[in-house]
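The structure under discussion appears below in the form of structure tokens.
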Amino acid sequence: MQEAMIKRAKELLADGSVDRVIGWKRGEFAYDITPAVFTSAEELDRDFVCDDFTAANVSKYLVKETQKEGKVLAFLKPCDTYSFNQLVKEHRIDREKVYVIGIEGGPKLDIEKIRAKGITGILGVRNEDYTLKIETIYGTQTMPFYEAVLGKCASCKSKKHVVFDELIGEDGDVLDSNRFEMVEKLENMTAQERFDFWRDQLSKCIRCNACRNVCPACTCENCVFDNPKSGIDNKAPADSFEENMFHIIRAFHVAGRCTDCGECSRVCPQHIPLHLLNRKFIKDINELYGEYQAGADTTSRAPLTDYNKDDCEPSIVHERGVE
Amino acid sequence: MQRIGVFVCHCGTNIAATVDVKAVAEALGHEPGVVISQEYQYMCSESGQELVKNAIKEQKLTGVVICSCSPRMHENTFRKAAASAGLNPYLVEIANIREQCSWIHKDIATATEKAIILGRTAVAKVHLNTPLTSMESPVVKRALVIGGGIAGIQTALDIAEAGFDVDIVEKNPTIGGKMAQIDKTFPTLDCAACILTPKMVEASQNERITIHSFSEVADVKGFVGNFTVKIKKKARFVDETKCTGCGLCTEKCPMKKVPNEFNMGLDNRSAIYIPFAQAVPKVATIDPNYCMMMKSGKCGVCSKVCSAGAIDYKQQDTFIEQQYGAIVVATGFNPIKLDKYDEFAYNQCPDVVTSLELERLMNAAGPNGGTLLRPSDKSHPHTIVFVQCVGSRCDDEKGKPYCSKICCMYTAKHAMLIREKYPDTEVYVFYIDVRTPGKNFDEFYRRAVEQYNVHYIKGMVGKVTPKSDGKIDVQASDLLAGEQLHINADMVVLAAAIEPDKTARPLATMLTTQMDTNDFFTEAHPKLRPVESATAGIFLSGACQGPKDIPETVAQASAAAAKAIGLLCKNSITCNPCVAHSDELMCNGCSSCEKVCPYGAITYVDKEFRMPDRSTKVRRVASVNPAVCQGCGACTVACPSGAMDLSGFSNSQIMAEVDAICK
Ligand SMILES: Cc1cc2nc3c(=O)[nH]c(=O)nc-3n(C[C@H](O)[C@H](O)[C@H](O)COP(=O)(O)OP(=O)(O)OC[C@H]3O[C@@H](n4cnc5c(N)ncnc54)[C@H](O)[C@@H]3O)c2cc1C
Ligand code: SF4
Ligand code: SF4
Ligand code: SF4
């Protein structure tokens, strides 16, 4: 697929349809992937990569890219197309300035899961019939492919591209995923157990802001956590609950807009399952206001900023709060 | 440094009986920034206000907190007092320790504690208050009336009389509304046409009134004093400016089998028609669904006979745009459809009619020239049964939960008129209860019973069954006698519930006005502001606001006119300064706020920003029109970036209040 993508990108650059290409390139190591912008055939040939590690969702970068002159070619996986649509809906991306090529999605790999098997000195990986062959400086190692899959891909919600100008490969379907399983487990805990679970998880946070910076729903021009006027900006934690508030505020901030792309948990260096907070909101919205998938389209009214007569009453908070 | 004055009101014993006002004043005196804290018997009285004014001057106060009744009562009083003492009125805050405290608590200790917390909260807020100044916005001196029934006509006449231009938009080919279809009117029994048509003519001849008949409102933009309305003039295929209303075309038109809506479909009209003789404007209209020329290109008779050359088969809908300072809604009502009432055989039997159909059957300009005949065989009915509350006061899906209000009276009217004109006819009225609270109304009803011997029976009609001999079996219960009845009737008249016009709901959306669950327009306050909608500059007239008879409709129409005139008299209006504004540096242009704003106050502009690297960037940002914003605050909570804020109720003020409560 990588070859086909590079070929098409070069064509579109050559005929002037686009001025830039957004994709991925390698860092120091094979698994060390970062999103990157390419402006020439040479750059594409040299650096462009799309492989088992290119999990990063590039849609957020288009906010800045479309504020510039010219048109961008973006390669979007199915999950990325939802983020893209949501950003178009919020007028954050100028749709006119993007040429979207839908590409096949994951499952993509989680380097941490490979390392957890004690495998080090990794040079590259190959998927051979769902056995992962890992080249290392110490020789080839193997592990079952599915044990190395990213959490977000293991609970994939959709293989369907909700927006594209062109496809490379096949379009898939919305999946019947198991993504709310863990949320249900949390719901079934007692309030104290749940509180302890989250205190335990969130106390690991080092406030590196990676989750916020990667989140496609977090594109505010001036984030409240960076804005001294907000009164909740990046001050040193005054008490041990401060970090918890950061995450609670963020979860409310993206409620109804989060497409469940899973990037927050993917990038967290402390492995905090942040996506569970957002999934809880998604599950509640589905149950209280009817099924809603943020980013599925660019026109529907979002349940939290819309009103209709069937909306639940505020008393639901109390009803659901009782143990 | 803030210098805040706190003033605690006893409200006689209203507050002082449950709240220890001295303790409240004492406690609040220790709050940060408070330099004076006093209590007084009636803060709103002349001398109470003096106390506040003197303190402002002597103590050089920078903020005032009044612990008293609801701000709805006296906020304005105290703001004015502060202004007269030289303090910006928006530096005054009210802590409601009456409705929210003394009136709902019994225990003095808890009530006092709560009063202190409420006072402390207001002090915390006033620390962050900023002086606000109201803006002025000019008023366009022209009014729009939507709907040309008696309500719309009366409102338009009153506004024109006061010297302002006014346009009526009426969706039908003529103005007049339901009243034009009514025969005689209760409680005086004068003829509806005799009192209505002079008003219709007066409206058409008044040079300040423009009637757009056969027209609809297509779009509304703007705000109080400055609405821009797009009016769709539907093609009537007759040039209004040329047609003289001679009616020759309607006579010669060969297509005569069109159900006549003015006579409730009880007779037919031609494809080109003038609804009734006194129609205003008296202009013909072609019904393209029936016109043979328009359907098959074969005919063209009307065009040939029209000496004025007014016929134009190719006419298109046209749009006009006009500015208005005020808009009055007068879209009226309609009787509900009775399709679902199989038990009354309305769809099965032509001799089961609605009350409005009966009005036409009895009217001299109606299908039978004013002689009451059965629609089925044109014979004289000798026994007539009236059924009241058909679809009114209903708890099922078929009907309406409310009382339609006018049916008791018009049924008494019908019964009386029939007994007067046809004394050999027996008249039965089945009712749940008879409601006659208007002036001279009960006398009117009693006359029907006592003088005209109408048989009023308390009870429900269970089933109406047409029989093979042309008679109708009415099975009913007499609740007072406790027995079942069968009446062998010739006609049955159903007093159908009334409902707002179906076009009212989309219109309300365009006007951003509120409606209740029954689609009646909601007034701003049920008692104190009955003819204003909650949206500034939009007024309500007639049955579109709730069921009404003609006297009430006309009274409300004139009241709505008075309110509109009050607005149009002003050269500019003072806007509430407690409006939203977005911080452009923080705004993402995401449209969340625009989607929740019930007043359409938010639009977007592309703005250039200088970036730190000296480049410029164009971004879409929200912009609030302060003249349209009502300060509801919906946008501020919807805004994900915290860019939107409300003056006078800023996010930081509200957080300060929450903190003060939780302290
Ligand atoms: C059978 C019957 C008998 C009655 N008898 C009496 C009586 O004897 N005495 C009495 O006092 N009252 C009587 N009434 C009540 C009386 O008819 C009403 O009080 C009166 O008609 C209300 O006037 P209105 O202008 O509010 O509404 P309407 O008469 O309904 O007029 C509304 C007008 O607005 C127009 N319109 C609606 N929507 C739009 C739109 N979107 N755009 C433009 N135009 C629009 C309609 O076409 C209509 O012309 C009777 C009612 C009925 C049904
Ligand atoms: S990425 Fe993880 S550690 Fe960093 S701020 Fe987010 S939750 Fe905290
Ligand atoms: S405060 Fe209310 S009326 Fe004003 S802009 Fe915001 S949502 Fe609209
Ligand atoms: S909701 Fe906030 S960020 Fe979005 S457009 Fe409105 S003011 Fe701007």
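Lettering follows sequence order; numbering is per chain, from 1. All values reported here derive from a predicted model rather than from experimental measurement.
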Flag if over 12 foreign heavy atoms under 6.0 Å of [atom1], [X]:
X	atom1	value
K398(B)	NZ	yes
K71(A)	NZ	yes
D606(B)	CG	yes
K502(B)	NZ	no

- Who are the side chain to side chain contact (heavy atoms under 4.5 Å, CB included) partners of C220(A), not counting sequence neighbours? H253(A), N588(B), S641(B)

How many angstroms lie between [atom1] in [X] and [atom2] in [Y], if you round to the nearest 0.5 Å?
X	Y	atom1	atom2	value
K617(B)	E221(A)	NZ	CD	4.5 Å
D226(A)	M586(B)	CG	CE	10.5 Å
R620(B)	Q67(A)	CZ	CD	12.5 Å
K89(A)	S591(B)	NZ	OG	11.0 Å

- Item | Results of ring-ring contact (aromatic ring centres under 6.0 Å, His included) for F649(B) - residues two or more places apart only | none

- Closest contact, heavy atoms only, L585(B) versus N222(A): O-CB, 4.1 Å

- So which of T305(A), D306(A), V63(A) has the largest heavy-atom pair count under 4.5 angstrom toward chain B? T305(A)

- Under the side-chain contact (heavy atoms from CB on, under 4.5 Å) criterion, do E594(B) and H91(A) qualify, and how do the steps go? CA-CA 12 Å; E594(B) 180 206 19; H91(A) 302 275; 5.5 Å; no

